[in-house]
Amino acid sequence: MPLSAIFQHVSQAPTKPKTTAPSRQFDVAELYRGPVQTDEASRHDVQALDEKLRQAYFWIVNNAVISPHYDIEYNEGPAPTYSVGDSKRTLTLPSAQSYSSFILLPLLTFATRRKCLFIGGPGRGKTASAILMGVLAGSSIRDVRRAMQHGHPQMTIADLLGNPLPADLATAQSMNDIRIAWRSWLSMRVKIVDEYNRIPTRTQSALLTVMGDNYAEVLNHIFECPESAWYLTANDDQGGGTYQVIEALRDRIDVVVQALAFNPRFLDHLLTRIEENIRPEEVVPGEIIFSEAQIDRIGDDIRRVAVPSELARRVEFFASQFELAEMAGVQFEYMTKDTARLSGIDWALIAAADSGRDRLKDVGCQTRNGLSVRNLMTLLIFAKALAYFRGNRTVELDDLRHVLPFTLRDKLQPDLDAPFFALPENAAYRTDRVSWLRHLFDLTNDEFNRLDLDHDDPVGKLSLEFATGLEGLDERATVARLSAIERLVTERLAGRKLYGNLYDDLLTIKYLHQRYTNYLQWLRSQ
Amino acid sequence: MTISDPFAQALASDRAGFNARVAEAKHRYPSLDTAAFAIFLQSCTDDIVRAVADIAPDRVAAVAGEVFGIALELVGQALAGPGARTTLVDQMWQKLLPGYARLAAQHPAAVLGSLTNAVINISKVPTAKVDQWLREMAGLAQHADNLACLLRLGQIAAWRAGLAHFRVGAVAAADQLPAAVALAAVGAGPQENWSAVRDNLLADPWWSPDSARGRIRQAGIEIGQFTGFGGMFQVPPELRACTEGFLVKSADRYRFLIADVYGAVLHPAGAGEFEQLPPFPGAGSPLLDGSRLRLRDREIALDLPDKGLAATCNEHTVAITSPYTHAIRLFPLR
């Protein structure tokens with residue numbers, strides 16, 4: 001047996017043992033399940049796919065990418081914390097299973113077939129991780145390497161998508177007669193684009209079509225790509241590549257993860273690889289390779305993970321903080337940061353005009369933009385994926401808190417001139433985008449709790465009432481509801497400054513008022 | 001001590017392969033003691049290989065390969081060999097497995113693996129009688145003419161060795177055996193009727209076709225004890241009855257207690273289960289008279305002060321607890 005078997009070992013122990021209510025049904029067959037594998041035992045071993053996903057994670061962490069960073073921290077009960085250095089940063093020793101974002105987020109991308117961008121300096125395992133994901137999807141290491149697209153300044157659309165056959169070009173009487181030799185990577189289930197910020201802008205547009213709409217087009221010929229997970233790499237995410245990445249392309253990327261520095265304490269692991277002449281991506285064990293059907297099933301299972309309404313309400317509250325720019329519009333609906341952006345006005349002018357609110361307290365003042373529908377969908381799907389990965393069927397607040405910085409890292413742009421960043425204790429948030437976003441979520445959660453919105457949410461109640469339907473509602477009751485809505489507007493506006501969440505509440509109230517008004521008109525016309 | 005010729009030949013025929021397996025196991029289990037592994041191979045596994053060589057020489061290589069792999073797993077995890085936490089696995093390989101050589105020759109992985117796992121699982125239950133399981137399994141070898149039969153016999157013997165939670169499953173396993181084998185497995189005489197024996201076993205957890213019933217009726221079963229003396233309870237336990245057994249609270253730990261004529265076992269339970277358990281119908285009937293336990297057909301003198309003495313009953317069992325002991329005493333109600 002070759003020594004590569006050391007790297008191919010996948011632990012049979014459950015990766016996330018849970019304390020579940022013990023069953024009172026005792027299976028006598030348990031007698032024969034134990035440390036020794038038997039034919040009988042393996043026949044009964046129907047592995048759950050979330051367990052397989054965790055096994056893949058732990059195999060990668062333990063054998064492939066030496067990544068001893070546990071930056072996604074979970075705690076069950078108190079965890080020891082220590083104040084470190086002059087900056088008094090906190091080191092936490094998590095009391096529950098915690099994860100490395102550099103491995104976990106790409107794996108969740110794989111499970112959900114989304115798009116992940118690896119960023120970080122050269123030689124930190126970005127490309128190696130992407131290749132591993134390709135191998136997990138069942139492709140041979142040779143195919144994955146060959147299918148990987150390497151961005152370079154001369155890359156053309158033909159390089160990326162394919163060529164018309166030269167013979168057809170000479171003889172064809174119409175475009176339909178020209179056959180296209182499509183690039184093989186287009187049919188891969190895991191697509192890798194290395195150094196995507198070195199691709200020329202025009203070719204980036206072609207890439208955008210494939211990434212966004214899942215098809216490629218050359219000379220009016222269409223190639224429909226299969227559903228796939230995407231991995232892109234960039235040494236520098238701030239425009240340091242050869243070409244500026246077009247905004248629409250950046251917006252298609254769902255999560256951004258940073259390859260953290262190598263800890264030299266783990267040098268012996270590198271030494272073993274050299275001495276054993278082993279490349280982890282070449283010895284991925286068969287037990288953690290996923291078939292296409294399994295990935296489909298994982299996707300279905302992830303979509304079925306529930307987001308409790310209380311949690312969804314917190315996401316709403318968080319998202320509502322950022323879009324309002326009171327001075328950007330006259331009509332209520334246009335008082336948004338997007339209105340300001342579209343006008344091309346200097347952002348500093350808008351910020352300077354915003355003098356009514358407490359700009360330090362209002363988290364909305366920390367950003368230059370709001371969240372898009374796509375951002376919110378990505379946040380929710382990754383929160384579900386993380387819950388699924390952890391063996392849960394319901395999303396928890398911590399799941400949201402942990403995926404949020406990675407899904408919004410490139411999406412929510414900080415306003416570094418905001419008073420928040422001027423405070424000395426917040427200076428590090430200027431550079432540490434992940435921590436800033438997590439802090440932002442914590443701040444909004446604190447505010448949510450302070451407002452006691454779990455228990456006192458009159459707009460939520462009105463929405464719930466409306467959601468029960470208008471069937472059978474008579475004129476008197478409709479008028480009563482309209483009056484209640486109008487009263488609520490008066491109450492909400494009494495002596496208050498306008499903050500993002502109130503702005504969205506008022507828009508919701510207006511929507512409900514409009515629906516009841518239309519219904520009342522219809523009732524009266526009968 | 002050396003290994004027998006058949007085993008030696010089988011190992012020699014694939015020396016490089018076996019060496020590679022040892023090297024791989026050493027990476028997986030850095031504390032693997034190769035000297036201990038060699039001793040285990042010589043002293044415990046040689047008997048089964050030799051027994052197979054006697055009845056099915058063509059199967060020696062397959063059995064030896066399986067034996068070698070299992071032995072590496074067991075010694076690597078300190079479950080067998082000189083450095084093991086218990087000698088029970090060694091004993092099982094020495095005393096029990098040679099008796100099942102014919103089945104081991106046919107299904108080496110299943111027979112060797114299943115019986116090894118079984119002895120490990122039984123030995124994890126502090127109240128289980130592993131010696132009894134080994135003895136009974138050795139005695140039942142003559143009845144095991146196929147793999148399924150062997151596995152069922154093992155399950156029945158495990159229940160009778162004290163794994164009370166397997167009672168229903170074990171009776172169901174016995175029901176799938178020929179009646180004569182089932183009767184032998186549950187300790188009943190060959191003249192008895194299996195259907196009647198099965199019905200009695202299912203109807204009353206304290207019924208048994210052998211002498212166990214009479215012994216238990218008066219002496220009862222004791223379980224628990226103080227953690228300081230290697231027991232399970234930090235403070236004297238508090239009990240609540242349910243149909244299948246009792247939920248037990250001791251300090252901040254909760255357990256589920258299930259008992260029958262062959263023994264009692266404690267399983268982990270949750271605080272919620274204990275707190276939310278509804279009162280058992282009919283519970284609380286006066287059974288204690290001072291330090292005497294009065295049952296329908298007999299009276300038992302308890303060697304405990306009457307102060308704080310409590311009796312908790314379900315349909316079949318009464319459990320006695322006292323602030324003066326960390327143990328729970330269990331008696332059949334009838």
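Below, read A as the first sequence line, B as the second, and so on, with proteins coming before strands; counting in each chain starts at 1. Quantities reported herein were computed from a predicted structural model and do not represent experimental measurements.
For the set B:A170, B:G154, B:G272, the entry with the most heavy-atom pairs within less than 4.5 Å of chain A is B:G154.
Neither side chain, B:N146 nor B:R152, offers a donor N or O lying under 3.5 Å from an acceptor on the other. Using a 3.5 Å distance cut-off with no hydrogens or angles, the side chains of A:Y74 and A:D399 do pair a donor with an acceptor.
Both the backbone and the side chain of B:Q155 come within contact range of chain A, each with at least one heavy atom under 4.5 Å from a heavy atom of that chain. Proximity to chain A (any heavy atom under 4.5 Å) is shown, for B:L112, by neither the backbone nor the side chain.
A salt bridge does not link A:D454 to A:R313: none of the charged side-chain nitrogens sits closer than 4.0 Å to a carboxylate oxygen. Contact check on A:R393 versus A:D50 returns a salt bridge, with a Lys/Arg side-chain nitrogen under 4.0 Å from an Asp/Glu carboxylate oxygen.
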